[in-house]
2 protein chains.
Amino acid sequence: MDTRQMRYFIALAETLHFGHAAARMNMTQPPFSRQIANLERDLGVRLVERTSRQVTLTPAGERFLADARAVLARFDDACRDARLVAEGRAGALSLGFMMHAAQTVVPEIVRRYTALQPGVRLSLCETTPMEIEQGLINGTLDAGITFSGRAMPQIEVWPLFTDHLCLVTAPGHPLTELDVISPQDLAGLPVIAVSPQAAPTLRNAIEDFCTPAGVEPQYRFEPLLQHTILRLVAADLGIALVPESICRGVPDIDARPLVSAPELPVVLKTRRSRTNPAVQPLLDLLGSITFF
Amino acid sequence: MDTRQMRYFIALAETLHFGHAAARMNMTQPPFSRQIANLERDLGVRLVERTSRQVTLTPAGERFLADARAVLARFDDACRDARLVAEGRAGALSLGFMMHAAQTVVPEIVRRYTALQPGVRLSLCETTPMEIEQGLINGTLDAGITFSGRAMPQIEVWPLFTDHLCLVTAPGHPLTELDVISPQDLAGLPVIAVSPQAAPTLRNAIEDFCTPAGVEPQYRFEPLLQHTILRLVAADLGIALVPESICRGVPDIDARPLVSAPELPVVLKTRRSRTNPAVQPLLDLLGSITFF
DNA sequence: TCCATTGATACCTTTTCCGCATTTATGGGA
DNA sequence: TCCCATAAATGCGGAAAAGGTATCAATGGA
């Protein structure tokens, strides 16, 4: 008992004539009659009353006609949807990104992607660079926006723009006397920075700024979110070295450039073996966006 | 491409192992693999990525899995519904009845039937005895409550109760002086009665009351509804002979018995060839109801 | 490097399905 | 009343689809 018999039955219900219905199904009447009989036998229900002169639907047949039409419509939808997903014109795309990327590149990427691929449900996931990396590898994420980090063989990297490390302090902090900050200025000061488990690349950038000058950062709190860091700095619980893009328009802090500020390339990462066809349109639109 | 392949695919998606999925489908692995391959060929879409070590769903496969489950659920529902309708436990029953039957037997019948057969949608159709007869014959109605009328070979009759013809007049009409009305009392008075096209049985009952006594009713208006008749009588536009059951509790009229009042058997009628299984429970419950 | 696992392929058997010929049943017309 | 035309059911043989057995090929782990 399958959809073919449903199609046969619908043809019969619409013609109320075994011969004509068979012809519509491109077959002869005898096997057609047998299929209808088989369908009724499998259901255990008489769907049509037939004399040699006329065919009428039973109430069960009326109901089955409506239901069968619905089933076939769903069936065709399922096939169509599978094709659409395979073409990347439907389905879902899960995009992970560092929290603060929501302030920069994410809105524009989301806007353009949804305009281009209205059929694709875009699920956004704000998280840490480390979890983005993991999500890409284990398949939870299709793409991630994060700092470049060290190269991995199964991950492909698409540059977006380059952020720069900067210093943030509470307003009126002694360091605000200086126009530009050099590593030596930070010696002995408590530094609030994201934990190395959450964002190793950012943490490395901080180290790379300080250690060549012989300065050892005095880490104090190690929250997960850049926004938490800014709130702690605003409360004058320490200073911080953060990407400059996150400081724009944030109240109660003072942002100041660093001498030869370390570069923080922000990139989009994907699995090299991209099974989700919805990813390709995302890559295609990156070229057409200039972020800054 | 049919539901069997969908079932195969669901088994594969749930086990992610061709051999185990084949076993679940009570078959061996090679033909199972072929069916999956055929499904993918027909769809034109790759649903699973397979190496000799592991099987994973593609995004299209994920989507198709969800859709296929929905299709099969609908499919099974369609089969189950057909059986329920065949058993009379689902589907629809269309019951026609004379307007004024809503005052007597219809509410109790409806209440009991819906309690007994909650799955059956009961569609009620108030209309005239003539249209009930036609509806039964052409299949629009499954059952009808009406006056018995003349026997027809394809119609089966189930007695409900016996109504009686009575006289109604405006309050204060000269006839209200009499306790019981005989045909002669009506001579020359304008009679409002339902049209013979709408309710021939009732009309005949009126004739049968008058003509044996040599009285010729002077018909004045011939509305379709008994209620209209009562309103016209209340306005003193004439007298009327109506079933006594419709007079109860109606304001601004005076009802009065007739001498050897003609009986008006109220019955339920069905087609002798009852194709709708939902009718039988209706007949079953008639025996357990005593109407008056 | 070898071996176990697992999906794909080749080939054959079984089942299902379809087409042709024929039969059966029924309604209309002579 | 009989005959005939129409339409669905049935019998049977061939084709197509599905399944089974044996085997091959690829891959990951010991």
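Letters go in sequence order (proteins before strands), and every chain restarts at 1. Note that the structure is predicted; figures quoted are calculated from it, not measured. Note that these values count all heavy atoms, side chains included, but never hydrogens, waters or copies made by symmetry.
- Between the CZ atom of A:Phe18 and the C1' atom of C:dA25 there is a distance of 14 Å, given to the nearest Å.
- The neighbour count for A:Arg41 CZ, taken as heavy atoms of other residues, nucleotides or ligands under 6.0 Å away, is above 12.
- Between the CD atom of B:Glu49 and the C1' atom of C:dT6 there is a distance of 16 Å, given to the nearest Å.
- Checked by distance alone, A:Arg34 brings a side-chain donor or acceptor within 3.5 Å of a matching partner on the base of C:dG19.
- With salt bridges taken as basic N to acidic carboxylate O contacts below 4.0 Å, one links B:Asp77 and B:Arg80.
- As a whole-Å value, the separation of B:His17 NE2 from D:dT27 P is 17 Å.
- Phosphate contact (OP1/OP2 of C:dG7, side-chain N/O of B:Ser33, threshold under 4.0 Å): absent.
- The shortest distance between the side-chain N/O atoms of B:Tyr8 and the OP1/OP2 oxygens of D:dG19 is below 4.0 Å.
- Atom P of nucleotide D:dG28 and atom CZ of B:Arg50 are separated by 16 Å, given to the nearest angstrom.
- Going from atom NE2 of B:His20 over to atom P of C:dG7 covers 8 Å, rounded to whole Å.
- In terms of position along DNA chain C, the nucleotide closest to A:Gln5 lies nearer the 5' end than the nucleotide closest to the other residue of the pair A:Gln5 and A:Pro30.
- Across the protein-nucleic acid pair, A:Arg4 atom CZ and D:dA16 atom P stand 15 Å apart, rounded to whole Å.
- Taking the charged nitrogens against the carboxylate oxygens, A:Asp67 and A:Arg63 do have a contact shorter than 4.0 Å, which makes a salt bridge.
- Among the atoms of the strands shown, base atoms are found under 4.0 Å from some heavy atom of B:Thr28.
- For B:Gln35 and D:dA17, the CD to C1' distance is 8 Å, given to the nearest whole Å.
- Per the geometry, CD belonging to B:Gln54 stands 17 Å off P belonging to C:dT5, to the nearest Å.
- Salt bridge annotation for A:Arg50-A:Glu40: present, with a cationic side-chain nitrogen under 4.0 angstrom from a carboxylate oxygen.
- Contacts of A:Gln29 with the nucleic acid, taken as non-hydrogen atoms under 4.0 Å apart, include base atoms.
- Using a 4.0 Å cut-off, no side-chain N or O of A:Thr51 falls inside it from OP1 or OP2 of C:dT26.
- With salt bridges taken as basic N to acidic carboxylate O contacts below 4.0 Å, none links B:Arg150 and B:Glu133.
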